[in-house]
2 protein chains.
Amino acid sequence: MTTIHEVAEAAGVSISTVSYALSGKRPVSEKTRRRIEDAVQTLGYEPDAGARMLAGRRTQIFGLTEPLRADTHAPTHMAFVLAAAVAARRRGYDILLLTDEQASEGMNRVAASNLVDAILVLDVAPDDERADIARSLRSPTVFIGIPDDADGLTCVDLDFEGTGHLAVDRLADAGHTSVTLLGQTEVSYRKSNFPRRLLLGVQERAAQRGVDLDWATTGDTTTDASAVRGAAEMALSRGVRAFIVHAVGDVHEILLETIAAHGLTVGEDVSVISAAASFDTSSLAVPVDTIPLVPQKSCELAVDLAVRHLEEPGTPAQIHLIPPEYHVAGSVAPARE
Amino acid sequence: MTTIHEVAEAAGVSISTVSYALSGKRPVSEKTRRRIEDAVQTLGYEPDAGARMLAGRRTQIFGLTEPLRADTHAPTHMAFVLAAAVAARRRGYDILLLTDEQASEGMNRVAASNLVDAILVLDVAPDDERADIARSLRSPTVFIGIPDDADGLTCVDLDFEGTGHLAVDRLADAGHTSVTLLGQTEVSYRKSNFPRRLLLGVQERAAQRGVDLDWATTGDTTTDASAVRGAAEMALSRGVRAFIVHAVGDVHEILLETIAAHGLTVGEDVSVISAAASFDTSSLAVPVDTIPLVPQKSCELAVDLAVRHLEEPGTPAQIHLIPPEYHVAGSVAPARE
DNA sequence: TTGAAAGCGATACCAA
DNA sequence: TTGGTATCGCTTTCAA
């Protein structure tokens with residue numbers, strides 16, 4: 001293993017100059033920097049992580065806690081983990097995984113041992129026990145999702161209520177007076193809170209705009225195809241021609257199939273908006289207007305906030321809602337008389 | 001932050017005694033150990049990770065590389081990540097995530113900087129570039145999966161060929177002379193190698209036992225329900241009454257539905273074996289005999305091997321195949337005349 | 001059974 | 001623009 005001493009010797013300078021040349025925290029003359037870089041190159045030098053942590057009081061590691069509850073939608077979750085890892089890496093941080101029981105216990109452990117510079121919290125539950133833990137830690141902690149008691153916490157999330165407002169507005173603007181919200185599974189309305197927040201936003205705005213609203217869940221603990229089909233058919237037969245879908249890809253597919261089976265055409269006879277979908281809606285059978293939930297955005301903001309808290313320790317905790325963005329694909333049509 | 005010095009002072013001993021008392025690497029008298037433990041407790045002492053790494057030359061961290069290719073089955077993958085994290089933690093190790101481009105590049109980085117003690121490799125491809133990287137590293141590396149060129153590598157995996165053998169044997173023993181293998185997607189036979197290994201095992205044993213074999217894939221890049229149904233119907237109409245399924249849960253469900261739709265009963269008219277499934281087959285509509293792929297087993301063995309390589313540096317690289325286990329659920333019936 | 005002290009390999013302060 | 005060196009908090013050898 002090559003050390004900073006060997007690099008210094010090879011370059012004919014002191015170790016402090018090597019350190020400064022590599023960190024850029026002090027100006028170094030062009031030619032000495034070249035010599036140092038050459039030495040680093042030929043010797044294959046890589047600073048020792050442990051020594052760095054000890055001397056620099058920075059680990060360049062973020063903890064990522066994820067309980068991985070059984071009802072977590074795996075693809076969505078993986079997208080968030082991946083996005084967090086990529087975002088962190090861009091800022092020079094690695095991700096240390098805290099899953100399962102370690103999700104809570106590990107937070108204390110890695111914070112107390114200075115293994116991580118900050119902690120990112122995924123898969124947030126309404127009554128998340130990690131909220132209290134976070135409040136008791138000195139390490140900056142950023143929640144991706146919002147617990148019921150978010151007091152004193154830094155949180156990042158899509159503005160689900162705003163998303164609900166936006167979806168209803170678009171349909172109401174198109175003249176629809178009757179809308180069905182095809183939601184998540186029953187269990188997710190109890191164990192998470194973003195589905196409720198979207199529902200609330202939809203209900204609120206529907207009331208304001210005088211829109212009749214129906215709400216159907218899509219299964220008990222897991223997506224139930226026949227329940228979805230049933231709900232869609234019921235709505236269509238009652239004359240509903242506008243849908244907001246807050247669900248996984250399969251539910252979208254079933255709705256689109258059911259609409260087609262009724263001899264109706266999305267974007268002409270029926271309007272559909274996909275709300276807060278984290279999958280690629282462009283791969284659906286029919287193009288659907290989407291207000292997407294973009295893991296990259298949430299995670300990049302979360303990482304930015306963690307870094308900011310590290311660099312400016314005084315930064316106040318705050319909830320950051322990401323404004324919804326409406327992507328037109330032609331699935332919303334004017335209501336027919 | 002409390003340091004080992006404060007603990008030593010509080011307990012009235014030297015720091016070395018504290019260190020030894022906590023690591024157990026040297027006998028410490030009962031009563032001094034008590035005093036030290038008390039001090040640790042009341043002060044809330046947790047050893048500094050960086051200092052530990054530097055002085056102890058051990059990080060207690062494993063790198064986990066996972067490219068997360070687009071065709072990766074998310075739930076299966078998550079099960080492996082979780083199992084790896086749990087197994088590692090049991091032995092006192094944390095998991096550092098190396099995803100995406102970092103899967104390869106990161107291996108070199110974390111190994112060179114001594115950030116990790118060993119590396120676990122997930123999501124192994126036939127021509128995996130991480131094979132060469134692993135061979136060039138000094139850090140112990142364990143593959144969970146087997147690349148085509150596994151020379152000099154330590155690998156862990158289910159014995160997929162043996163799984164194929166076992167499945168065919170059970171059906172042949174029951175008198176079946178005609179079997180259909182319902183396999184994975186097309187793409188997985190190109191981008192992974194375990195599907196091929198299972199296929200090979202099935203073909204081999206089918207030839208040996210004089211069993212007619214048909215093989216159907218279940219879609220191009222993603223599971224195609226109608227393709228699965230078509231394959232199942234084709235087989236049933238040709239008189240095939242024995243199936244080996246190597247696929248995700250949905251494919252099982254579709255096969256079972258199709259069998260029922262033909263008025264046939266699994267375990268009486270038709271025999272079905274699920275091979276190398278990593279999901280919980282007990283939640284299927286009909287109980288199905290299973291030769292499971294258990295992430296916990298693979299990951300525990302992988303972690304054990306990594307630890308062994310750390311403790312006994314001479315340990316030779318080797319491929320470790322986990323013997324298949326047959327779980328009876330009553331879905332295999334004697335063939336009818 | 002215990003203690004003193006020499007590192008481990010960086011960072012960053014104080015001088016020059 | 002550069003160098004010397006104290007320091008970070010622990011592990012482990014050597015001595016007692």
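In what follows, chains carry the letters A, B, and so on, assigned in the order in which the sequence lines appear, proteins first and then strands, with residues in each chain numbered from 1. Any value given below was found using the heavy atoms of this structure, including those in side chains, with hydrogens, waters and symmetry copies removed. Being a predicted model, the structure only gives us computed values, none of them experimental.
When the side-chain contact (heavy atoms from CB on, under 4.5 Å) test is applied to B/Asp151, the partners found at least two apart in sequence or on another chain are B/Arg135, B/Asp149. For A/Tyr45, there are no ring-ring contact (aromatic ring centres under 6.0 Å, His included) partners two or more places apart in sequence or in a different chain. Every residue meeting the ring-ring contact (aromatic ring centres under 6.0 Å, His included) condition with B/Phe160, not counting sequence neighbours, appears here in chain and number order: B/Phe194. Take B/Tyr93 and apply the ring-ring contact (aromatic ring centres under 6.0 Å, His included) test, not counting sequence neighbours, and it matches B/Phe62.
The salt bridge (Lys or Arg N to Asp or Glu O under 4.0 Å) contacts involving residues 96-116 of chain A comprise A/Arg109-B/Asp94, where partners must be two or more places apart or lie in separate chains. Pairs engaging residues 8-29 of chain A under the salt bridge (Lys or Arg N to Asp or Glu O under 4.0 Å) rule: none recorded [sequence neighbours left out]. Screening residues 12-42 of chain B for ring-ring contact (aromatic ring centres under 6.0 Å, His included), with sequence neighbours left out, gives no hits.
Considering CD1 of B/Ile15 and CD of B/Glu6, their distance stands at 12.0 Å, rounded to 0.5 Å.
Side-chain contact annotation: A/Thr17 with A/Ser14, donor-acceptor N/O pair under 3.5 Å present. Residues B/Ser29 and B/Thr32 bring a donor and an acceptor atom of their side chains to less than 3.5 Å of each other.
Note on the helix from C/dT1-D/dA16 to C/dA16-D/dT1: terminal axis deviation equals 30°, with five pairs used at each end and the result rounded to 10°.
If you walk DNA chain C from 5' to 3' and mark each nucleotide with an atom closer than 4.0 Å to a heavy atom of chain B, the marks span C/dT1 to C/dG9.
Dashed line: the shortest gap from a side-chain N or O of A/Thr32 to OP1 or OP2 of D/dT1 is not under 4.0 Å.
Between B/Glu46 and B/Arg52 there is no salt bridge, since no side-chain N of the basic residue sits under 4.0 Å from a carboxylate O of the acidic one.
A heavy-atom distance below 4.0 Å to DNA chain C is reached by none of the residues of residues 35-43 of chain A.
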Quick tally for nucleotides 9-16 of chain D: nucleotides whose base has a protein heavy atom under 4.0 Å get B, sugar-phosphate-only ones S, the rest -, giving BBBBBB--
Extract all donor-acceptor atom pairs below 3.5 Å that involve side chains of residues 305-317 of chain A and protein atoms in other chains or at least two apart in sequence.
from	atom 1	to	atom 2	distance (Å)
A/His309	NE2	A/Thr154	OG1	3.4
A/Thr315	OG1	A/Glu312	O	2.6

